[in-house]
Protein chains: 2
Amino acid sequence: MKFDDKIPIYYQIKNYIYRQIIVGELAPGDKLPAVRQLAVNLTVNVNTVQRALGELISEKIIEPQRGKGNFVTEDQGTIEKLKKLLITQQLQELYENLHQLNVTDTEIVSYLQDYIAKRKQVQ
Amino acid sequence: MKFDDKIPIYYQIKNYIYRQIIVGELAPGDKLPAVRQLAVNLTVNVNTVQRALGELISEKIIEPQRGKGNFVTEDQGTIEKLKKLLITQQLQELYENLHQLNVTDTEIVSYLQDYIAKRKQVQ
DNA sequence: CCTAGTGTTACATTTTACTATTACACTATA
DNA sequence: TATAGTGTAATAGTAAAATGTAACACTAGG
């Protein structure tokens with residue numbers, strides 16, 4: 001996996017697992033790959049994987065079972081809330097960053113529409 | 001100044017100066033605060049400021065004059081290009097991150113509109 | 001010429017993320 | 001009960017960002 005060298009790897013792994021859970025690649029109750037396997041897949045160290053998982057455990061997104069593995073929470077509400085939170089965070093980041101560049105509300109929307117339209121042309 | 005501890009400080013300083021130039025707080029030809037003064041203002045080390053300025057110099061956004069100071073480029077075109085680049089980068093980041101969460105093009109736009117509408121209510 | 005203000009650079013040190021390695025604890029199963 | 005698969009944790013080492021400090025080079029003005 002390719003990482004952004006401006007952001008801690010453990011943090012990018014955390015978001016990677018967030019995404020898998022939200023899109024259903026990892027369904028509620030599913031067992032995650034073993035930490036050593038994840039480390040190999042992502043070409044990072046076990047401790048780095050563990051640091052990411054540790055935060056997911058604190059947030060009750062996954063539940064560890066010693067000797068068995070890590071499992072996605074069965075609580076669908078938690079996952080729904082997570083998805084909404086992540087979306088809102090993304091929107092907030094865009095909004096604040098563009099406002100700091102003196103872009104107005106209406107411009108933000110129209111710029112986004114232009115951007116999406118341009119993407120479609122290319123594809 | 002408050003920094004995000006997930007992103008290098010020098011990088012955040014670079015973006016901070018980008019913003020000041022784009023919104024005109026620093027106009028073309030303006031002299032930036034002295035590096036030691038910037039270090040005090042931002043409560044960071046001179047070398048950290050210098051690292052941020054070094055990249056801005058490489059990008060021709062500012063021009064150093066030894067013994068005098070650092071000056072914003074007089075080339076308005078460079079600044080315009082920079083603004084467009086930053087906006088596009090922000091849009092791309094939002095787009096890709098939300099798509100990874102299985103959010104469709106139309107949903108992205110409507111979520112953004114909702115977000116802006118909600119912000120207005122609060123204010 | 002001297003001094004204050006400026007950019008530039010170098011060095012040692014500290015901090016943190018990450019790695020490599022090893023060990024320990026628990027579970028399931030042959 | 002032995003073994004393989006799992007999570008958990010500790011230790012030591014490396015790399016990069018950031019700091020503290022100092023020195024050097026250039027400019028302007030008295």
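Here is the naming used below: chain letters follow the sequence lines, and residue numbers restart at 1 for every chain.
Rounded to whole Å, atom P of C:dT6 lies 11 Å from atom CG of B:Asn70. Atom CG of B:Asp5 is separated from atom P of C:dT16 by 10 Å (rounded to the nearest Å). Atom CD in A:Gln50 sits about 19 Å away from atom P in C:dT22, given to the nearest Å. Distance CG (A:Leu53) to P (D:dG7): 8 Å, rounded to an integer number of Å. One can place CD of B:Gln37 at 15 Å from C1' of C:dA4, the figure rounded to the nearest angstrom. Per the geometry, CD1 belonging to B:Ile57 stands 16 Å off P belonging to C:dT6, to the nearest Å. Rounded to an integer number of Å, the gap from CD of B:Glu55 to P of C:dG7 is 18 Å. Distance A:Phe71 CZ to D:dG5 C1': 12 Å, rounded to the nearest Å.
Side-chain N/O atoms of B:Gln76 and B:Glu80 include no donor and acceptor closer than 3.5 Å.
Contact between B:Leu82 and B:Tyr18 at its shortest, heavy atoms only, is CD2-CD2, 3.4 Å.
Under 4.0 Å is where a charged nitrogen must lie from a carboxylate oxygen, and between A:Asp105 and B:Arg119 no such pair does.
Proximity of a side-chain donor or acceptor of B:Gln37 to a complementary backbone N or O of B:Ala34 within less than 3.5 Å is not detected. Looking only at distances, a side-chain donor or acceptor of A:Gln12 sits under 3.5 Å from a matching main-chain atom of A:Asp4. No donor-acceptor pair under 3.5 Å is formed between the side chain of B:Thr43 and the backbone N or O of B:Val40.
The distance from atom CZ of A:Arg36 to atom CG of A:Asn45, rounded to the nearest 0.5 Å, is 11.0 Å. Separation of atoms CG (A:Leu38) and OG1 (A:Thr48) is listed at 12.0 Å; rounding is to 0.5 Å.
Residue A:Val23 shares its hydrophobic cluster (ILVMFWY side chains chained together at separations under 4.5 Å) with no other residue.
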**Message:** Counting primed atoms plus P, OP1 and OP2 as sugar-phosphate and everything else as base, spell out the protein contacts along nucleotides 16-23 of chain D at 4.0 Å heavy-atom distance: B, S or - for each nucleotide, 5' to 3'.
**Reply:** -SSBBB-B
Heteroatom pairs (N/O) under 3.5 angstrom, protein to nucleotides 27-30 of chain D:
{"residue": "D:dA28", "atom": "OP1", "partner": "B:Lys68", "partner atom": "NZ", "Å": "3.2"}

